[in-house]
Amino acid sequence: MVFEGSSAAISHTGKVRSNNQDSGFSGSNLFVVADGMGGHAGGDIASSIAVHHLEGLDHAFPTPAEAERELREAIVDAAHVLVDTVTERPELAGMGTTVSAVLMVDDYAVIAHIGDSRVYLFRDGVLTQITTDHTFVQRLVDSGRITPEEARYHPRRSVLMRVLGDMGTDPEVDAFIMQTQPGDRWLICSDGLCGVVDDAQTAKVLRQDLAPGRTADMLLKLALDAGAPDNVTIVLVDVGGRHPMFSGTATIVGSAATPKGIEVPVARPARTGWFQTGRQAANEPSHFEPAAEYLEELIEEDRRRARRRRVWWFVGFIAIVAVLAAGVFAGYAWTQTRYFVGPDDDSVVIYRGIQQDIGPISLSTPYEDTDILLADLPAYQRLSVEQTISARSLADAEAIVDNLRQGTP
């Protein structure tokens with residue numbers, strides 16, 4: 001049956017790139033995000049081919065299993081089209097695209113995924129990432145070598161391990177079926193959103209339960225406020241909920257929305273100045289699928305980075321300990337320039353240091369026993385000595401002792 005709910009699709013070039021290599025599709029049953037790679041033109045074409053090749057699946061299916069089979073086959077067919085396109089246009093060699101698709105069939109969501117675009121499910125106030133990124137850093141996270149937080153800022157975070165492209169006609173696609181229910185919100189997005197907006201911020205927006213179009217606008221604003229260094233594409237799907245409606249005409253966004261046969265001109269080089277450079281990020285691939293030997297180099301590089309990080313942590317720890325030790329030594333040295341007069345058993349003693357102790361550690365030592373007996377002192381002087389008398393220097397302490405000596409019989 002036709003999916004009952006509401007949806008929205010939006011795509012933006014971002015604040016750095018000069019063209020949009022993303023494509024998005026929101027139909028009656030099918031919802032797709034594709035993030036192209038391979039230079040200024042190649043990424044546009046790859047994501048557009050993928051979306052247009054999949055849009056024929058935007059109809060009702062008798063069973064989720066049949067929908068999963070046809071969705072997987074359509075993605076493989078799209079890989080063949082990409083290979084044929086590169087054969088005809090060799091200048092596009094190396095182009096490719098991620099694909100994240102959700103096909104609604106009755107009470108089920110059929111999901112197919114390759115690359116690092118993502119599918120999220122927001123249910124009962126909790127946002128859950130459904131797909132797994134096919135990236136180099138995700139493998140590092142899965143193996144426990146780095147944390148998810150470290151992965152967000154890893155210099156190789158855009159290196160893809162799997163992608164739909166001209167490298168082969170048998171892509172390894174993740175495909176599975178999940179049950180869905182009224183009130184679910186499905187979010188499909190390129191890494192232009194999830195790469196700069198963390199899941200906590202995304203969930204906060206989704207909890208407002210606004211209409212899909214308004215929610216997509218708010219998520220896009222978060223990405224733009226965070227700098228939006230890459231293209232941003234968002235497809236949001238509500239199952240029933242507060243904004244139910246039968247999805248109407250399909251919405252196509254991004255490069256796939258450009259009519260066929262129309263060439264999009266390359267943007268003029270940016271002006272250079274104090275705060276701008278002539279380099280245009282749009283002319284560089286946003287992702288890269290490496291060869292096997294390159295992956296070995298990356299793994300070895302990551303090992304070196306891990307070793308350097310451990311060395312710097314150790315050096316930093318030693319430096320902190322050294323600073324603390326120097327501070328303690330300097331403080332103790334200062335205390336040894338102080339003197340005071342106090343009791344020791346039955347006599348008056350000049351002490352070097354200060355009257356305070358640090359736990360069991362005494363900060364003073366006897367310097368000179370004056371041989372003045374406490375019992376020989378008048379009561380008021382004896383009390384002063386027992387409470388200790390601070391001296392500004394050794395000479396001052398000796399002067400205090402002389403005054404006490406004069407008061408003895």
**Report entry** Derivation and outcome, side chain to side chain contact (heavy atoms under 4.5 Å, CB included), residues I252 and H52
**Finding:** CA-CA 9 Å; I252 302 177; H52 285 302; 4.1 Å; yes
Query raised in the report: Are D230 and R17 ion-paired here, with the side-chain N under 4.0 Å from a carboxylate O?
Result: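 Salt bridge: yes.
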Query raised in the report: Does a salt bridge link K221 with D217, judged by any charged N lying under 4.0 Å from a carboxylate O?
Result: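 Salt bridge: no.
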State the [atom1]-[atom2] distance between [X] and [Y], to the nearest 0.5 angstrom.
X	Y	atom1	atom2	value
L220	I10	CG	CD1	4.5 Å
I111	F31	CD1	CZ	12.5 Å
D77	E70	CG	CD	10.5 Å
M95	Q21	CE	CD	11.5 Å
N29	S7	CG	OG	10.5 Å

Query raised in the report: Does atom CD1 of I358 have more than 12 heavy-atom neighbours, drawn from other residues, nucleotides or ligands, at distances under 6.0 Å?
Result: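 For I358, atom CD1 is not crowded (no more than 12 foreign heavy atoms under 6.0 Å).
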Any side-chain heavy atom of [X] within less than 4.5 Å of one from [Y]?
X	Y	answer
V105	T63	no
I188	V32	no
T215	L206	yes
Q181	V239	no
D344	Y351	yes
D371	S347	no
H134	H113	yes
T202	L219	yes

Can you give me the closest heavy-atom contact between [X] and [Y], atom names plus distance?
X	Y	answer
T13	S18	CG2-C, 4.0 Å
A78	A50	CB-CA, 4.4 Å
L82	G165	CD1-CA, 3.7 Å
V33	V235	CG2-CG2, 3.6 Å
R185	D209	NH1-CA, 3.6 Å
T370	V348	OG1-O, 2.6 Å

Report task. I would like to know whether M218 and Q208 meet side chain to side chain contact (heavy atoms under 4.5 Å, CB included); could you show each step before the answer? Result -> CA-CA 11 Å; M218 293 177 68; Q208 297 184 35; 3.4 Å; yes
Could you verify whether a donor N or O on one side chain and an acceptor N or O on the other, from [X] and [Y], lie under 3.5 Å apart?
X	Y	result
S390	Q355	yes
D35	S190	no
D22	S47	no
S11	N20	yes
T98	S117	yes
S26	T251	no

I'd like to know if the side chain of [X] reaches the main chain of [Y], judged simply by a donor and an acceptor atom lying under 3.5 Å from each other, with no hydrogens or angles considered.
X	Y	value
T337	A333	no
R382	L377	yes
R207	G125	yes
D184	R123	no
R118	Q129	no

**Report entry** Intermediate values then yes/no, side chain to side chain contact (heavy atoms under 4.5 Å, CB included), F25 and L30
**Finding:** CA-CA 8 Å; F25 179 88; L30 178 69; 4.0 Å; yes
Report task. For T128 and Y120, run side chain to side chain contact (heavy atoms under 4.5 Å, CB included): C-alpha distance rounded to whole Å, both residues' side-chain angles, the deciding distance at 0.1 Å, then the answer. Result -> CA-CA 6 Å; T128 304; Y120 288 90; over 6 Å; no
